[in-house]
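Inspection log for the structure reproduced underneath, given as structure tokens.
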2 protein chains.
Amino acid sequence: MATTPRQRPQRTDRPSAAPTTPSPESSASAPTPATTPATTPATTPGVTPAVGATIYSVAERAGVSIATVSRVLQGRAVVSEATRQKVLEAVESLHYVPLGAARSLAVRHHEAYGLVIPELTGPYYSELLMGFETRAAELGQSVILLLANGKSDVPGAVGHLATRVDGIAVLGSAALPPTLARALRGRKPVVVIAGSSPHVPGGDSVELVAAENVHSAEQLTAHVLDHGRSRLLYVGDPDPAPDISERYAGFVAAHAARGLVAAEPVRVPFRESEGVAVADRILSGELEADALVCANDELALSIMTRLQDAGRDVPGDIAVVGWDDVMTSRYVRPGMTTVRQPVHELGVLAAERLHQRVDGAAPLPAPVLLPTEVVLRGSCGCPTP
Amino acid sequence: MATTPRQRPQRTDRPSAAPTTPSPESSASAPTPATTPATTPATTPGVTPAVGATIYSVAERAGVSIATVSRVLQGRAVVSEATRQKVLEAVESLHYVPLGAARSLAVRHHEAYGLVIPELTGPYYSELLMGFETRAAELGQSVILLLANGKSDVPGAVGHLATRVDGIAVLGSAALPPTLARALRGRKPVVVIAGSSPHVPGGDSVELVAAENVHSAEQLTAHVLDHGRSRLLYVGDPDPAPDISERYAGFVAAHAARGLVAAEPVRVPFRESEGVAVADRILSGELEADALVCANDELALSIMTRLQDAGRDVPGDIAVVGWDDVMTSRYVRPGMTTVRQPVHELGVLAAERLHQRVDGAAPLPAPVLLPTEVVLRGSCGCPTP
DNA sequence: CTGTTAGCGCATTCAC
DNA sequence: GTGAATGCGCTAACAG
């Protein structure tokens, strides 16, 4: 077996330093006329050289082996202070930037997590993302963001994402999870955020984290009923999003607890323009209600404002409550009664669970639920401070 | 040189299929008792196997070479329909997910761009990110997000990021660019968003894209002056952010154009609480003004609301204008006069320029400037519709 | 404390 | 149209 060992072929930018020529220091400058210091590569100034320094060039420059370079860069093994300095200098003068892909290949980890969300309008997604990125970074992981809305081939995009991450977190409030489950077939750990168990296929490799919805929705609805309102309408479409449907369930439950039967939901998308349309249907008499429980604040705000502009009194004529506690809800008059979710924590939790899973932990059998908080302001009928 | 060619060592999960044994179909199932179909790997159900399928296992399963597998997966070279199907079936049954890192190493491209922003509160960063991600995705690039705020070692984080992307976009409205320039030393293409030339070192490899500030700030200020206001105050700290300083320059210019001299800026950070504090200084008489030109909407909104709560009339007693046109600015009464920036387009442009640069294009010598738009509502003194 | 040596999994010439 | 061989740059045993 003592055949010629595999020997790295000579690279164009590296002189053929034969192993029989152990010139200790700058063997790189040998073939080059020693006019300019080797620090400046012979490229047009201001232009990134086509190929950067590698661990080999650094090792050569420092007069050590690539293993040693790797050691000082990883900071793992012990290296003598002298050689460490030589290496660091070489790194510096060569402007060495390691190639992440090569490391990933060697360590068999991408050291990155994917996050799939529909878009980024409103504070919900942003806070989620901030929580996720923050925790992921603490755990030494990069985050690759995939915005699903507007992508023509979401399954394809998710598949591509799977190619470069160790795990994926996905927002359940969309048609994403089924798509994703199909695209992944359990090959990567998945954490579904704000989804609900029945909606998530491929269940054995996915895990759920969410904010509590049913109970707080019931609580909020009960509060509105306590204000003496009797004709409540739920505004929002429970079908596509598990969390919205859970909130509607709470709405129904609050009615049932008093022997009342809840009205069917007013199914509209989450757009401000839709809120205006709903308000108009109320103004025209098509819809009758003395209180509106809206699936989110955007809807609630646009409805309330439109109603007010048309001369209706909120909450006098009609109460309006939302969900999410966006900034605007603090600024409008009356203040919007709403529910605050621990969205940031949800992101943190998702990153955390993903990390556990990638580390080999089994998925938690039951979803992790984070508590929410009802925020009472004026729009529900509470006295304004 | 006819020594033993380098031969892939046998992997534990791959049987030693000697080249002399060209069993066409399922050579993989040979050593295994053919009880269960080879589709199901012998791992505990529901648990991701420690190591997934590789291009080798797919090739073996399909009875072709890895080159052919690569061809059908890349869709580049022509492959006969028959073999293409065999490969696709193998991919399917093996649940093959390619390893992005290996591809990156081979093609010598990460196919990913980094985006560095301070945080994600408010619509500005979100829209920027959406524009950036959308365009990057269209260009076949992933985006790795780095949130700088709260990171203890930003230069380190940026350096790490540089390890795994082909180029980096960074928001200039922060102390980021210098840090970044130092961390990168021109080894990767960089696009600075909303920065200003003098603030950006390492200029030869960086490029600037921004929204126009000076002129629109001058225009907005002139408009306020046209309302008959004479004691204007600029609220916000021009120092740390180039765009804020440019807006102040416009503020000053508008005064100068009428032979007036602008007051020194009221230097406060961009927090709502700071706005409240500024309002209190006005209420107490410490600050005197009949109009406030604020560096952004958050500041303007919190000031205006506080003033109103204290019984002041906006714009009667004092006009307040902002910058950014956030959602709340449409909802408050009076509506907030502000300036709308093409933030989404800024993100798109950044991704686009980065792509050009990675493709080898030289950085544009002059910054690309996108036009902004003054949005007149009631808070400046204009009649409310 | 340091160097040698194999791979990691994929894309890619070349041959055929 | 297909296969064999090679290298991308790095980490990690394994020797010394």
Side-chain angles (χ1 to χ4, degrees), chain A residues 1-14 19 22 24 50-60 62-84 86-87 96-111 163-164, chain B residues 1-14 19 22 51-60 62-84 86-87 96-111 163-164:
Chain A
M1 281 307 231
T3 51
T4 314
R6 178 193 169 206
Q7 199 169 302
R8 274 202 98 76
Q10 310 306 337
R11 295 168 33 127
T12 54
D13 58 341
R14 206 140 33 89
V51 55
T54 71
I55 199 171
Y56 290 97
S57 41
V58 173
E60 191 167 293
V64 300
S65 74
I66 60 166
T68 298
V69 174
S70 183
R71 285 184 188 108
V72 350
L73 260 36
Q74 302 305 315
R76 308 229 204 230
V78 197
V79 181
S80 84
E81 189 51 31
T83 53
R84 144 175 252 90
K86 283 193 301 181
V87 169
Y96 172 56
V97 177
L99 198 62
R103 173 185 162 84
S104 291
L105 185 55
V107 301
R108 306 171 66 83
H109 273 307
H110 295 282
E111 299 176 312
T163 264
R164 25 181 61 221
Chain B
M1 280 306 239
T3 50
T4 314
R6 180 193 169 205
Q7 199 169 304
R8 273 201 97 76
Q10 309 307 337
R11 295 168 33 126
T12 54
D13 59 341
R14 207 144 28 93
V51 56
T54 71
I55 199 172
Y56 290 97
S57 41
V58 172
E60 190 168 293
V64 299
S65 75
I66 64 164
T68 298
V69 174
S70 183
R71 286 186 187 109
V72 351
L73 260 36
Q74 302 305 316
R76 307 230 206 231
V78 196
V79 181
S80 84
E81 189 51 31
T83 53
R84 147 175 248 88
K86 284 193 300 185
V87 169
Y96 172 55
V97 177
L99 198 63
R103 173 186 163 84
S104 290
L105 184 56
V107 301
R108 306 172 67 83
H109 273 308
H110 295 281
E111 299 175 312
T163 265
R164 24 182 62 221

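First the proteins, then the strands, lettered A, B, ... as listed; each starts at 1. Every value quoted in this text rests on a predicted model; they were computed, and no experiment measured them.
Dashed line: the shortest gap from a side-chain N or O of Ser80(A) to OP1 or OP2 of dT2(C) is under 4.0 Å. Phosphate proximity of dG9(C) to Arg108(A): present, with a side-chain N or O under 4.0 Å from OP1 or OP2. Neither OP1 nor OP2 of dA4(D) sits under 4.0 Å from any side-chain N or O of Tyr56(B).
Note that CZ of Arg103(B) and OG of Ser70(B) are 8.0 Å apart. Values are rounded to the nearest 0.5 Å. Distance CD1/Ile55(A) to CD/Glu60(A): 13.0 Å, rounded to 0.5 Å.
Taking atom NE2 of residue His110(B) and atom C1' of nucleotide dC10(C), one finds them 15 Å apart after rounding to whole Å. As a whole-Å value, the separation of Leu99(B) CG from dC8(D) C1' is 14 Å. Atoms CD1 (Ile55(B)) and C1' (dA5(D)) sit 14 Å apart, rounded to a whole Å. Atom OH in Tyr96(A) sits about 10 Å away from atom P in dG9(D), given to the nearest Å. Residue Arg84(A) contributes atom CZ, which lies 10 Å from atom P of dT2(C) at whole-angstrom precision. The distance between atom CD of Glu60(A) and atom P of dG9(D), rounded to the nearest whole Å, is 14 Å. With rounding to whole Å, Glu111(B) atom CD is found 14 Å from dC10(C) atom P.
Minimum heavy-atom separation, Arg71(B) to Ala77(B): CD-CB, 3.7 Å. Considering every non-hydrogen atom in both Arg164(A) and Ser104(B), the closest pair reads NH2-OG, 3.9 Å. Considering every non-hydrogen atom in both Thr83(A) and Val79(A), the closest pair reads OG1-CG1, 3.0 Å. Nearest approach of His110(A) to Thr163(A), heavy atoms of both residues: CE1-O, 3.2 Å. Across all their heavy atoms, Val58(A) and Val87(A) have their closest contact at CG1-O, 4.2 Å.
Residues satisfying the side-chain contact (heavy atoms from CB on, under 4.5 Å) test with Ala102(B), not counting sequence neighbours, are Leu105(A), Leu99(B).
Nucleic acid contact for Thr83(B): sugar-phosphate only, since backbone atoms but no base atoms lie under 4.0 Å from a heavy atom of the residue.
Side-chain contact between Tyr56(A) and Val69(A): absent, with no pair of heavy atoms (C-beta onward) separated by less than 4.5 Å.
Contacts between residues 64-77 of chain B and DNA chain C, defined by a heavy-atom separation below 4.0 Å, involve Ile66(B), Ala67(B), Ser70(B), Gln74(B), listed by number.
Taking every side-chain heavy atom of Ala102(A) into account, dG9(D) is the closest of dT2(C), dG9(D), dG9(C).
Between Val107(A) and Val78(A), the residue whose closest nucleotide on DNA chain C is further toward the 5' end is Val78(A).
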With Watson-Crick and G-U wobble geometry limited to distances under 3.5 Å, how should the secondary structure of DNA chain C be encoded in dot-bracket form, using | for bases paired to another strand and [ ] for crossing pairs?
||||||||||||||||
